[in-house]
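One structure below.
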There are 2 protein chains.
Amino acid sequence: MPKNAIAPQSHWEAFASRRRDPASKREAVLQTAACLFLEKSYRRTSLDDVARRLNITKPALYHYFRNKEDILLGCYRWGTTLIEEGLNRIAADCGSGLAKVEAFIYSYANVMTVNFGRCVMRLDEGDLSSEALAEVRRYKRKIDRRLRSFIQEGIEDGSIAPCDPKLTAFAIAGALNWICMWYEPEGPLTPGEIAAQFARTLTRGLMRPARRAASRRVLAMRAAGGNNISS
Amino acid sequence: MPKNAIAPQSHWEAFASRRRDPASKREAVLQTAACLFLEKSYRRTSLDDVARRLNITKPALYHYFRNKEDILLGCYRWGTTLIEEGLNRIAADCGSGLAKVEAFIYSYANVMTVNFGRCVMRLDEGDLSSEALAEVRRYKRKIDRRLRSFIQEGIEDGSIAPCDPKLTAFAIAGALNWICMWYEPEGPLTPGEIAAQFARTLTRGLMRPARRAASRRVLAMRAAGGNNISS
DNA sequence: TTGATATCTTACCCACCAGTAAGAAAAAAG
DNA sequence: CTTTTTTCTTACTGGTGGGTAAGATATCAA
């Protein structure tokens, strides 16, 4: 009977009956928690908030999670699993280093538009206990190492220009991680469009490629108007 | 007499005497607050924490700031001012669109390694009241518009390849904003090195430029080893 | 020196919220 | 139907922390 029951992605139906189904109820808690954590941050989200959206009371949550942090950790784990699944598919693919980086951009950009994926990079690590933090950091480090190895591979097979893999990985990961800060599910941009543009910008760069034997300098100077292109 | 007085950047000396100097005391509060907000987040930093580092007590802070949020807003304002100063210098520079974007990358990367600059992009906007949030959003929007205009300018003068300025700006700003998440003042990377590598990656892209008339495909296939380059 | 003002402290209030105790109510088992 | 187990609720505790009241002490101006 609550008037604000029309929540974005309402998972309260899982708790509509008392039928025993711990798995789906656990997931419902994580989904609504992730949603609230992204809306208001972990700290500003009270367990009462989470419970209210699920049409239950706070202590009921303690039947499915040890404490508040356990819920947070659940969101992190779900998200890192999503990222890792994508990563494994890429490693199986046998293209050049550059092809792997491109595939990484597509996969990762998509995950950053999903609630659990966004949680991994958007939520504040400082809210985790030291053990949980160590676990999450391990995941993140693994992702970073993989990206660097793709870049290194590309440098070695000649598909990527020589560069510092560490800083280059930071640049790519930064651009992608930041998606979870501005992306809105109801917005005009689809994950696919974002991934495509990012892949293009990051692989080819901003610079207009020099045509034929013409010097770049000349092209840059020539103020050719009317070149607008969108999307 | 406190044993932990050796804080990173100790500004408590401003409060050592009761001499009337509100300006420098206000700054001291902002500096230590920014430091703590970055260390532990705004929410986890109590006013007692801030006061303790300054060797004063909590109510003393209320002589220089209306409330906790006022301190936070002070950090935001200081940071956005830093960004804007850089931006103004670039607009005065009369290079091509690409040159302006490159200058933006250098300037912005540097600001992201300074505490107040980091605050702007790292701290949680959700901790701001609606009015303060509107102000901060206005600043951020302005920065975004400027970057987009540089890109648009570059497309029109032919220095930048045709692209969607909005998404391209997101990619560049994302890579740069993320710096404030991993940068450590005591770390091995200088702001200059970061800016240089980022400028290179973002303008030229990852892809190894095709040499002469040789087709790209051939170069990508050729697995040329031993191309490692660091720094 | 004296009064006025700015500066800072001790002591306190109260709202918020994670977590718990104890038990009611529903579901499953026998 | 009876018993056992799971599920969930009402009512509470205790710690934290922003903000305030009231007053002490130093600085400054005259």
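Only a predicted model underlies this, so the values are computations on that prediction, with no experimental measurement involved. The figures here come from the full heavy-atom set of this structure, side chains too, leaving out hydrogens, waters and symmetry mates. The chains referred to below are lettered A, B, ... by the order of the sequence lines, with proteins before strands, and numbering in each begins at 1.
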Is the phosphate of D:dC8 approached by A:K25 (side-chain N or O, under 4.0 Å from OP1 or OP2)?
yes
Starting at the 5' end of DNA chain C and moving along, which residue's nearest nucleotide shows up first, B:D21 or A:S46?
B:D21
How long is the line joining [atom1] of [X] and [atom2] of [N], in whole Å?
X	N	atom1	atom2	answer
A:L72	C:dG19	CG	C1'	17 Å
B:R44	C:dC17	CZ	C1'	16 Å
A:Y64	C:dG19	OH	P	18 Å
A:R26	D:dT7	CZ	P	13 Å
B:L36	D:dG18	CG	P	12 Å
A:L61	D:dT7	CG	P	13 Å
B:E69	D:dG17	CD	P	19 Å
B:L54	C:dT7	CG	C1'	14 Å

Every protein N/O lying under 3.5 Å from an N/O of nucleotides 20-25 of chain D:
residue, atom, partner, partner atom, Å
D:dT25, O2, B:R18, NH1, 2.7

Could you go through the salt bridge (Lys or Arg N to Asp or Glu O under 4.0 Å) check for A:E39 and A:R44 one step at a time?
CA-CA 9 Å; A:E39 276 176 30; A:R44 269 185 302 277; over 6 Å; no
Set out, in order, the CA-CA distance, both residues' side-chain angles and the distance that settles side-chain hydrogen bond (donor to acceptor under 3.5 Å, both in side chains) for A:S129 and A:E69, then state yes or no.
CA-CA 8 Å; A:S129 69; A:E69 196 209 346; 2.9 Å; yes
Under the salt bridge (Lys or Arg N to Asp or Glu O under 4.0 Å) rule, what do A:D144 and A:R148 come out as? Steps first, then yes or no, please.
CA-CA 6 Å; A:D144 184 48; A:R148 288 191 205 180; 2.7 Å; yes
Closest non-hydrogen atom pair, A:E102 against A:A199
OE1-CB, 4.3 Å
Nearest heavy atoms of A:L167 and B:E193, plus distance in Å:
CD1-O, 4.1 Å
Looking at the side chain of B:K68, which of D:dT10, C:dT7, D:dG18 is the nearest nucleotide?
D:dG18
Taking the side chain of A:A60 as its heavy atoms from C-beta onward, which of C:dA18, C:dT9, D:dT9 lies nearest to it?
D:dT9
Upstream residue (5' side of DNA chain D) when A:T57 and A:R43 are each assigned their closest nucleotide
A:T57
Is the closest side-chain donor-acceptor distance between B:D70 and B:Y64 under 3.5 Å?
no
Just checking, any donor-acceptor pair under 3.5 angstrom between side chains of B:N67 and B:Y62?
no
Name the stems with DNA chain C in them: runs of three or more consecutive Watson-Crick or G-U pairs, distances under 3.5 Å?
C:1-30 with D:1-30
For the backbone of A:S46 and the side chain of A:D49, can you confirm whether one donor and one acceptor N or O come within less than 3.5 Å of each other?
yes
Report the C-alpha separation of A:R146 and A:N88 in whole Å, then their side-chain angles, then the decisive distance to 0.1 Å, and conclude whether the side-chain hydrogen bond (donor to acceptor under 3.5 Å, both in side chains) test is met.
CA-CA 10 Å; A:R146 290 268 204 132; A:N88 289 335; 3.1 Å; yes
